[in-house]
Amino acid sequence: MSVHEAKINTIADPDIILSVRHLRKQYSATVAVDSVSFEVRRNEIVGLLGPNGAGKTTTINMILGVLEPSAGEIEIEGIALAKQRTRALARTNFAAVYAPLPGNMTVYQNLRFFGLIYDVAQLNARIETLLDQFELRRFRDTKCGVLSSGEQTRVSLAKALLNAPQLLLLDEPTASLDPATAQDIRRSIRDIATHGNGGILWTSHNMYEVQDVCDRVLFLSHGRILLEGNPKTLPGEHGVASLEELFISLAREPLAYAESGR
Ligand SMILES: Nc1ncnc2c1ncn2[C@@H]1O[C@H](COP(=O)(O)OP(=O)(O)OP(=O)(O)O)[C@@H](O)[C@H]1O
C-alpha cells in the first residue's frame, strides 16, 4: 500500500469531505477512469486537471451519481454513495457550463424550482440571500435565457449553493467569462471555500486560474492521476517555470511522469 493510499484509508477523519478510492469507468475497450484515488478536505479547493479526454468529466459524473462506476468507492462525508445515495447526494451540488439552467424560467423561478427539488428549508430566505451574494437581485424576474454568460454563471453558482452543499463540484466554472468577471467569480468561490463548511473540486484548463484559486491539484492523464501537489510549488519541483509548462510536458509525455511516480 502506498503512502497516499494509507492516508486516504484513514476514513474517520471528519475533515475529509470527499474520498474517492480506486475509481474506474470502462466503456468497452476505453478505460476513461483507471483506478483513481484522492480526497478533498474541508475548506480546500482541489483542481482536477488534464488534457481533453483525460477523464475529468467522467470522474465528476460518477461523484454526482450520474454515471455508475465500473469499480471503486466514493464517500461524501463518510457516506458511501453506492449504499446511501440520497443522503450522500444531499450533501453535494455542482455547476457546469454544459448544464445551463432552463432559459424560459426567470432567475427566481429557477432557484425556487431547484430549491424545491433539494427540499431546502426556508427556501425564500435562502433565495434572497443568494440573490444578494451573487449580485443577482436586479435579474430576479429576468428569464435566464437572455442573461449574459457571466450572469448565467452567477445564477448557476447560486443554484449550486441552494442546499449549502458540503461538496461543491465545479466543471470549468469560468469558461467563456471575461477576465474581470472570472476574477470576481474566483473570489466568490474562494470565499465560499474559506468561510464555508465544505470542500470544492474544480476543473479548469486555465492554469493561471488554477494557480490563483486551488490549494492542491491532481493531474489526470489517460484516466490516471500522474501528479499531485501545490500548484504554486509543483512547477519548481519539476524544474519548469510555470504550471502551464508542466501541464504541456505532462500532456505530451505522460509516460515519463507515470514512471517517475507521484
Ligand atoms: N459514453 C461514453 N462512451 C465511450 N467513451 C466515452 C464515453 N464518455 C466518455 N468517453 C471517453 O472517455 C474518455 C474521458 O472522457 P472525459 O469526458 O471524462 O474527458 P475530460 O477530461 O472531461 O475531457 P475534456 O477536457 O475534453 O472535457 C475520453 O476518451 C472519452 O472519449
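Keep in mind it's a predicted model, so treat the numbers as computed, not measured. Counting convention: from 1, in listed order, for ligands and their atoms alike.
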Original post:
Do Gly53 and ligand 1 have an N or O pair less than 3.5 Å apart?
Top reply: yes
**OP:** Provide, to 0.1 Å, the distance between atom 12 (O) of ligand 1 and the closest protein heavy atom, together with that atom's residue and name.
**Re:** Ala32 CB, 3.2 Å
Subject >> Arg24-Gln26 side chain donor-acceptor pair, cut-off 3.5 Å >> reply: yes
Original post:
Under 3.5 Å, is there a donor-acceptor pair between the side chain of Gln84 and the main chain of Ile79?
Top reply: no
Original post:
At a 4.0 Å cut-off, with the gap strictly under it, does some heavy atom of Gly55 reach an atom of ligand 1?
Top reply: yes
**OP:** Using distance alone, with no hydrogens and no angle criterion, decide if Thr233 and Glu237 have a side-chain donor and acceptor under 3.5 Å apart.
**Re:** yes
**OP:** Answer yes or no: is there a donor N or O on one side and an acceptor on the other, between the side chain of Lys56 and the main chain of Pro51, under 3.5 Å?
**Re:** yes
Subject >> Atom indices of ligand 1, in the order listed, that fall short of 4.0 Å to a heavy atom of Ala54 >> reply: 19 (O), 20 (P), 21 (O)
Original post:
What atoms of ligand 1 come closer than 4.0 angstrom to any heavy atom of Asn52?
Top reply: 23 (O), 24 (P), 25 (O), 26 (O)
Original post:
Which heavy-atom pair separates Cys214 from Val217 by the least distance, and what is that distance?
Top reply: CB-CG1, 4.1 Å
**OP:** Tell me yes or no: between the side chains of Thr92 and Gln166, is some donor less than 3.5 Å from an acceptor?
**Re:** no
**OP:** Classify the side-chain pair Ser148/Glu151 by whether it contains a donor and acceptor separated by less than 3.5 Å.
**Re:** yes
**OP:** Measure the distances from the heavy atoms of Glu172 to every atom of ligand 1 and state whether one is below 4.0 angstrom.
**Re:** no
**OP:** Could you pull out, from Leu49, Thr58, Thr57, Thr30, the option with a heavy atom nearest to atom 15 (O) of ligand 1?
**Re:** Thr58
Original post:
Considering all protein heavy atoms, does one lie under 4.0 Å from atom 31 (O) of ligand 1?
Top reply: no
Subject >> Residue and atom name of the nearest protein heavy atom (relative to atom 25 (O) of ligand 1), distance in Å to one decimal >> reply: Lys56 NZ, 2.8 Å
Original post:
Nearest protein heavy atom to atom 8 (N) of ligand 1, by residue and atom, and its distance?
Top reply: Tyr27 CE1, 3.5 Å
Original post:
Which pairs with one or both residues in residues 157-184 pass salt bridge (charged side-chain N to carboxylate O under 4.0 Å, His left out), sequence neighbours excluded?
Top reply: none
**OP:** Number the atoms of ligand 1 from 1 as they appear, then name those within less than 4.0 Å of a heavy atom of His205, with their elements.
**Re:** 25 (O)
